[in-house]
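All remarks here apply to the structure that follows.
Chain letters run A, B, ... following the sequence lines, proteins first, then strands; residues in each count from 1.
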Amino acid sequence: MERKLDLDPAVIERCRRAAASVADFVIGFARERSTVSIERATLRLMGIEGADDEGVPLANRVVEAAASRRLLGRGVALPFAAAVEATGEDATGTARLVASGRVRLAFPGPREEDAARGRAATLAEAGCGRILAARQARDEALAQLGEGPRPLLYVIVASGNIFEDTLQARVAARAGAQVVAVIRSTAQSLLDYIPEGTTTEGFGGTYATQANFRVMRAALDDTSEELGRYVRQCNYASGLCMPEMAALGAVERLDMMLNDALYGILFRDINMQRTLTDQAFSRLVSAAGDLTINTGEDNYLTTADPLAAAHTVLASQFINEAIALRCGLPPARIGLGHAMQMNPWMEDMFVLEVAQARLVREIFPDAPIKYMPPTKHMTGNIFRGHVQDALFALASVMTDQGIHLVGMMTEAMHTPHIHDRFLALEAARMVMTAARHLGEEVSFRAEGRVQARAREVLSRAAEMLEAVAREGLFSAIEKGWFADVSRSPTGGRGLAGVFRKEPGYWNPVEDWLRAQVNP
Amino acid sequence: MERKLDLDPAVIERCRRAAASVADFVIGFARERSTVSIERATLRLMGIEGADDEGVPLANRVVEAAASRRLLGRGVALPFAAAVEATGEDATGTARLVASGRVRLAFPGPREEDAARGRAATLAEAGCGRILAARQARDEALAQLGEGPRPLLYVIVASGNIFEDTLQARVAARAGAQVVAVIRSTAQSLLDYIPEGTTTEGFGGTYATQANFRVMRAALDDTSEELGRYVRQCNYASGLCMPEMAALGAVERLDMMLNDALYGILFRDINMQRTLTDQAFSRLVSAAGDLTINTGEDNYLTTADPLAAAHTVLASQFINEAIALRCGLPPARIGLGHAMQMNPWMEDMFVLEVAQARLVREIFPDAPIKYMPPTKHMTGNIFRGHVQDALFALASVMTDQGIHLVGMMTEAMHTPHIHDRFLALEAARMVMTAARHLGEEVSFRAEGRVQARAREVLSRAAEMLEAVAREGLFSAIEKGWFADVSRSPTGGRGLAGVFRKEPGYWNPVEDWLRAQVNP
Amino acid sequence: MKAQGSVGTGGAPHAAPPATLPPGVDLHQVRPYGDTMNDGVVQVSFSLPVPLTDEARETARRLAGKMGLHDILIYHEADLGYGFSFFIIYGKCRHAVDYARVVVPKVAAARMGFEEINAFIRDRVGRPLRVIGACTGDDAHTVGIDAILNMKGYAGEYGLERYPMFQTVNLGSQVPNEVLLARAVEFQADAILVSQVVTQKDVHLTNLAELVDMVEAEGLREHVLMICGGPRITHEVALELGFDAGFGPGTTPTVVASFIAQEYLRRHPPQGP
Amino acid sequence: MKAQGSVGTGGAPHAAPPATLPPGVDLHQVRPYGDTMNDGVVQVSFSLPVPLTDEARETARRLAGKMGLHDILIYHEADLGYGFSFFIIYGKCRHAVDYARVVVPKVAAARMGFEEINAFIRDRVGRPLRVIGACTGDDAHTVGIDAILNMKGYAGEYGLERYPMFQTVNLGSQVPNEVLLARAVEFQADAILVSQVVTQKDVHLTNLAELVDMVEAEGLREHVLMICGGPRITHEVALELGFDAGFGPGTTPTVVASFIAQEYLRRHPPQGP
Ligand code: B12
Ligand code: B12
Ligand SMILES: Cc1ncc(COP(=O)(O)O)c(C=O)c1O
Ligand SMILES: Cc1ncc(COP(=O)(O)O)c(C=O)c1O
């Protein structure tokens, strides 16, 4: 990676050191805890599928049962495996019996324990095997078809109806999209369960369900064949079901997952203990499945001022990186996010955005940086918006971004219509073709506006990170240092779902995952 | 002007030397000739205004009368002045009598000659005085109001109705336009007379008439007052009436004139002897009136391939510059034209266009380079077109262009609607604000694509110019070296209107102009 | 351009000149304008769920015809694949509107400034007004309501929190109507401010209507001002929903504050001494 | 992207897949599509010759209503100054078109390649066909006609000049109809090709109609193929004007050559031996 910004390696080193101590705290904190969602993810990876007659997922039922009998503290895996042993049914069958109350969960007696542990291990083995199968299928498809030039053009579909979504995804893929993200229905991240089955109704997005994952994957596989180019699917390992989403994504061969340490806390008011604990587990899963994660720093600048708060984005990226590395994700799978959010009428806005984009690029040379389009300053003026997105595409190709979320001229008003995506992809491809090697050709004036801005943002990030390391992450968040949003360690949703691991806590899935990624 | 392209001054010098010899030929050729249009311009500047009952301009009538009596060869001024002496009427009154046949033109006898020459000189003096008055008025307005940042944003109006045009011009000015050009009706350049009075019907444009010039000037002066910013008016000193247009423009305080040595020949099939002779005179007029001329090289690439023929644009610019200098136009008034016409889907098109734009800028540092938008590759896809124009605006601000003709998303389909201009100006201003100092910040890789392209175009231009100098301009044009269009020296329209000056040819207006600009 | 004051706004760099009328316009027959009075020029774009064929093109043309366009020109067409086609069309619109007879309900409150509003409340009401705000339902878009309520404010104006004469509570995002109502009661709010940004499937209308019903059920409707806002909210829509006022894009705090102060006074006229 | 073959074209980088129909489309009731079958979403923009006021906004809304839109949303509005306002509007279109019943006249000629066409003329006609072309009236836009006639050709195809079995004359720009006709007669043209690019005030229609009248007046109409083209020309328009065919944007030489060859033969069937 050519160094065009003349950054001081020492300052970058300071950032990494501070971020490391923050990450060590998070990982340490998470290691001592588990959550209902982690336990449910565990059960799903031990083979439980489907829901009961009321549509409540069996994984939820089993965890509720375990909780009601105070068994969670040592992990749901063992008592559940014991039940499987006892019933002779498979995981799902057993879960049904547990759900209907016909089987009661309990820890195996000394005589059953070995068998139960053995059963748990085989179930985990089998379930997690599906993750490896998906991973292998992806590797083969990519080897056979490839996926086209970088930055990868990433678009969203969000009709609310998974079947409409597949149509739009195919049209988008043909128009050049390389990644299709299915945006979730507005409230899903606050649900403490994952809906079952295919869905045709949603608000601002389409529910993320295992069945919907399959439907979209099949459609994209067809299209990939037609186009001779592998098209990726993306969704969200975010919200209260973060670990389960990661698990289903890994099993159903999603390729990318939005997954951020702080997003849920800041923008969904999810409790920080919950999110950070879930975070660690879900990243283990993504690492095992070789998925790329996309972090959510881009969102910060929708509430904070992009000029004043750009360093908070960088600071958070260092933290996300440090946490991800500790979960076994290699740099090449850490899609750190940032965005072009400055006021387009600000003099030299483009110059400063290029500085920021290049800064992130040079500091994380191996990460597939995810660059988000202007959203905050988009308006109903679709013609002006189309030009804002063109400037964004130019900045993206000029600074070598890894994943380019294609901006939509209609961003301020509606989730994309079929031709919004078509026109947006056409414009992005045109700009990137026309300026393909512009980045190679230009260099930035020493001490000029670009270099000065990049240096300033970096040094402010270093100060912030060191302050966070001193202050502690929880209290830094409480003080509103990120995105101008303040949250308390005990506030927000989902704290009840977090518990300390008791002595003897055992989770064969977690063990399997760690063995996979041996972080 | 910072040198970012590392051009070889020796090659530039070769170009200027070759262009000089071509220009010397043109000027020499023109010096020995005059045309009906030059004579009519002379009469208009001696005070003739208006038309006869059939709407034929009196200036045309008088020149016809002189021609029919074989008087033109020594210039129409003297016989006409003699008639004024004889009738005691003013210029227009006398012209009426000549037109109606009640007065016959003739050279004054020895006894009347001095008086006639004296009268001719005073008439010229008075008429040309209006040029100086206009020039002074412009200087004062500019000193008082200024005109805003560069590049000047230039838009066209072309409703066909001068009164609608003024509305649209005001709306455009308020939206940021700094120059308003009234596009002429499709066929006007082929008319060998200038229509009279205000007009409300036109095809693809509005007729250029003295009355229309006044109407638009008044509207723009109002608006300039309102906005506290001087707004320029532009029209065309082009076609068969080139010299008269220049004269009326100078008198009615137009600020810019499209005026090109070859455009009429190549794109309107006007005879080359006619255009080149008219050219020399009209530039004298523009020089005296301190107007800025805009040359038409941008048009070449609509018929020739922009990649292969870029050097022909540069070659023509050298020729236009050399001719203009010889007519007394200072570099600061020579608005050399070029355009962004490459296929937007060509890889690195933007990189190459930036090279070309910067090349022109560095070679003619004092000229207010007129940069024309994409037109040839515009389509009915107005959204895509808006983005092409955004790239164009970026190239323009990045390379310091002097006059920016704002591209319209609807270029492929219709002359601009009121909101086309509004949206286009908004987009151009946004891009230029956002990237205001980008040009300062970037430099181009030594031997990279930008520098290599610039060098290649320059050296090919040098070869072409030297070839033209050897070959002779006429035969170069005949061989289709410019714009892929071939014209013969005796073909095309208007040759009949050219004549050799006979011994004793006298033109007090020309003398006055030369005295003004003493080239 | 900055100098021309366009930062943050765009549009024209110059303030609008006194609103004149273009020569020749007939206010009883207002038609779209392209470059000539009454030319009726309109630009339209849409996709059709049929592949791009001559028949699809003709279908698009006829659709434009049904919309009342004539002299229809298809400027652009694209095959989106998988059975979809896209069209950009220009035409001249037959329809005209009697502008002279159009009447629109408006927020009836003179706009005042920060000081003025505080003085107004201090003198005429005599106590700070209590305002509670929230972004309700599943909506997490707080930037809008924060712009009106929080210290920081919006577009260079302070938010209501900064006003000595407003007491404010901002419940933030994703607040169930029940919670908002309960908190409003215990806070004895003089005004309830609701923000709705997500509008898919008209979820915002449902949320807002529900709140009005609940407030009425509690018999509180006439004791509290109900105000909503969001990018898709207009004053008209708000009135239809049973709110007292609605504010759309670009609203600034003073506008809202002015309305609250004046409307409160209108409803609680000061008793004579 | 070059690799993806989009150079010069844009649109989608991939060829259109077999034209399928989207699930659930009713061909008798085809409606615009935004993101859900039959949602009818349409985008509209226009200016009004009134200043931007609440009443202007409502006027724009009503105009959209008259165009058959409901759920109308004003996405953007701008005061253009001097009494003009601009609007970008989205709405859902009430109208539908019976696609299944749409019938469109088409150029009836199988498209052949360079060699094929020459062979076709050589074998079936036995002599080169004479084609004369011009850009008539005041129109100076020769690029289009040159694209069809000149050696260089267009979009990678040779122009007719390059065909052994075509004899061509290109009169270039700004050719009066009289001149074109006279030259066509002396050249004994089998086909006359006219280009019209400038269309303001429908000047192209006038020019083209005039030429047809003149050719008929000369009694030559059935002896010569008359073909026109230009960005605003459609086959339908050409037929209405009395031409034998019309070609619009993107036409390539083979298309025109194929038509001339086949249509000539249809009109001059070879006499049996
Ligand atoms: C910022 C943003 C976010 C941030 C929100 C952060 C936060 N804490 O607010 C984040 C990243 C979290 C986010 C997430 C989502 N978003 Co969002 N987001 C936006 C964005 C880019 C800007 C909104 C904004 O801040 N505007 C600036 C403020 C100042 O303007 P405003 O809200 O209109 O408020 C002004 C006026 O309306 C008025 N006003 C507003 N409220 C009130 C209330 C009162 C009482 C008064 C008097 C006035 C008033 O005054 C304000 C100042 O003038 C818009 C796109 C856009 N450019 O508008 C999308 C957008 C609103 N989001 C959208 C969606 C769908 C989502 C998601 C649901 C997507 C998903 N499924 O993941 C998620 C989930 C969030 C949720 N559950 O609601 C859609 C909504 C589509 C629709 N019409 O329904 C939009 C339009 C983007 C799009 N095209 O898809 N988003
Ligand atoms: C190049 C160009 C010029 C060049 C022309 C050079 C030349 N020798 O041709 C120059 C600079 C001289 C020029 C001048 C003017 N132009 Co001009 N010009 C254009 C431009 C940018 C491109 C046209 C073009 O070359 N297209 C490429 C060719 C290959 O496409 P095509 O013409 O459609 O031809 C294809 C098909 O239509 C078909 N076809 C065309 N003809 C025929 C004939 C037959 C028989 C067949 C079978 C097929 C066929 O096959 C071709 C290949 O597929 C257009 C804008 C645009 N992007 O389209 C404006 C445009 C056409 N010009 C316009 C105008 C108004 C002018 C002027 C009148 C402006 C002025 N007043 O100064 C002048 C005067 C020229 C005149 N008197 O006609 C307007 C026309 C508006 C309208 N709809 O009436 C346009 C649309 C620009 C605009 N938005 O204002 N112009
Ligand atoms: C990391 C992350 N998760 C989730 C979301 C939004 O989805 P939701 O809040 O509905 O889960 C985003 C939005 O950009 C995000 O960046
Ligand atoms: C120098 C010059 N003259 C004239 C024109 C066009 O006007 P017309 O050919 O109608 O005179 C142009 C068009 O760009 C031009 O560049």
- prompt: What residues of residues 258-265 of chain D sit under 4.5 Å from chain C when you count only heavy atoms?
  reply: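 Under the 4.5 Å heavy-atom cut-off, nothing qualifies.
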
Relative to chain D, which segment of [X] carries a heavy atom at a distance below 4.5 Å: side chain, backbone, both, or neither?
| X | answer |
| --- | --- |
| C:Leu73 | side chain |
| C:Val44 | both |
| C:Tyr75 | side chain |
| C:Ile74 | neither |
| C:Leu69 | side chain |
| C:Ala56 | both |

query: What is the minimum heavy-atom distance between D:Pro49 and C:Arg31, and which atoms define it?
result: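 That closest heavy-atom pairing would be CD-O, 3.0 Å.
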
Closest heavy-atom pair and its distance - C:Thr20, D:Pro51: O-CG, 3.5 Å

Given that the side chain runs from C-beta out, which part of [X] has a heavy atom under 4.5 Å from chain C: side chain, backbone, both or neither?
| X | value |
| --- | --- |
| D:Leu52 | neither |
| D:Ile89 | neither |
| D:Arg232 | side chain |

- request: Kindly compute the distance separating OG (C:Ser45) from OH (D:Tyr90), expressed to the nearest 0.5 Å.
  value: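 Result: 6.0 Å between the selected atoms.
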
- prompt: If you measure from the Lys or Arg side-chain nitrogens to the Asp or Glu carboxylate oxygens, is any gap between C:Glu55 and D:Lys106 under 4.0 Å?
  reply: yes

